[in-house]
A.B. asks: 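Here it is, the structure in full.
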Amino acid sequence: MAAITPERLSLNTATTRAQWKLDQAIEGCARHGFGGIAPWRDQLQALGPEKAARQIREAGLAVSGLCRGGWFTAEGALTQNVLDDNRRAVDEAVTIGAECLVMVVGGLAPGSRDLESARAMIEEGLAKTLDYARTVDMKIAIEPLHPMYAADRAAVNTMRQALDICDRLGDGIGVAADVYHIWWDPEVRDQIARAGKKRLMAFHLCDWLVPTTDMLNDRGMMGDGVIDIAGLRGAVEAEGFSGLNEVEIFSQENWWKRDPDEVMRVIIERAGSVC
Ligand code: ZN
């Protein structure tokens with residue numbers, strides 16, 4: 001398997017969000033020879049989607065995904081407000097030419113213990129958003145999150161669960177496989193094979209630190225933790241996945257405190273040596 005070269009990398013802007021606004025991240029990606037970028041919606045809206053699209057195009061970057069739609073359970077019911085926001089997310093993804101709109105689907109409804117109904121609400125929200133996304137030719141990628149987030153971020157927690165939803169909903173929907181969320185799953189390789197090229201829409205990289213000191217904001221740089229990243233990349237590429245390797249590191253106490261150009265250099269070095 002060939003080492004990852006910079007042009008095969010995409011920067012998920014969460015990685016440098018403490019240091020760079022979106023226009024700076026676009027410039028940073030171009031300066032370091034990255035092939036792509038994956039913006040978050042708050043930063044995209046701050047810059048303006050049209051302006052961002054122009055800057056990304058001029059920098060010659062691909063967009064490996066837009067983070068994120070979803071949060072279908074946030075208001076306790078599938079409200080028009082939630083559906084409209086997802087529609088806007090689809091439109092923003094189209095504007096910037098994203099490969100897919102990544103979905104963090106939402107956890108339990110506020111005050112609820114009913115995981116089953118949360119999951120039903122999520123599937124209905126995905127179906128409705130997909131109906132719209134198909135009309136504008138945007139792909140929807142469900143990102144299954146590690147089960148520690150089932151309560152507050154995403155009640156879709158395994159590749160199997162995400163792919164079962166995809167099978168029920170049909171074309172135009174797939175998965176964003178993030179090594180942080182899937183590495184522990186004894187079924188991960190079988191489910192990557194089941195997904196195949198058609199449903200593998202994004203591949204996110206970081207590492208699982210031991211110990212992990214914060215559930216959300218203590219992700220590791222590739223090589224600093226215990227995930228067999230090269231093994232998982234081999235598995236997705238064996239299915240024909242040819243998208244960019246998107247680096248997404250939430251790191252309050254470490255990488256968010258560093259010079260972002262140093263962060264970019266370390267990403268390139270690790271991508272070439274441990275991924
Ligand atoms: Zn991710």
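Order of appearance sets the numbers: ligands from 1, and atoms from 1 within every ligand.
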A.B. asks: Do Ile140 and Val63 share a hydrophobic cluster, counting only Ile, Leu, Val, Met, Phe, Trp and Tyr and linking them when any side-chain heavy atoms are less than 4.5 Å apart?
C.D. replies: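 Ile140 clusters together with Val63.
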A.B. asks: Start with the C-alpha distance between His146 and Trp208, add both sets of side-chain angles, then the distance that settles ring pair (Phe, Tyr, Trp, His ring centres under 6.0 Å), and finish with yes or no.
C.D. replies: CA-CA 11 Å; His146 189 284; Trp208 185 280; 5.1 Å; yes
A.B. asks: Just wondering, is there an N, O or S atom on His204 that's nearer than 2.8 Å to the Zn ion (ligand 1)?
C.D. replies: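 Given the 2.8 Å cut-off, His204 counts as a ligand of the Zn ion (ligand 1).
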A.B. asks: What do you get for the angle at the Zn ion (ligand 1) between OD2 on Asp178 and OE2 on Glu143, to the nearest 10 degrees?
C.D. replies: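 Reported to 10°, the angle equals 90°.
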A.B. asks: Which atom, among the N/O/S set of Glu248, is closest to the Zn ion (ligand 1)?
C.D. replies: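 Output for this pair reads OE1.
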A.B. asks: Is the Zn ion (ligand 1) less than 2.8 Å from at least one N/O/S atom of Glu246?
C.D. replies: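 It does not; every qualifying atom lies at 2.8 Å or beyond.
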A.B. asks: Applying the 4.5 Å side-chain criterion to the ILVMFWY set and letting contacts propagate, would Leu200 and Leu101 be lumped into a single cluster?
C.D. replies: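 Cluster IDs for Leu200 and Leu101 differ.
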A.B. asks: Under the 3.5 angstrom rule, does the side chain of Arg87 hit a backbone N or O of Thr129 as a donor-acceptor pair?
C.D. replies: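 The answer is no, because no donor-acceptor pair under 3.5 Å joins these two groups.
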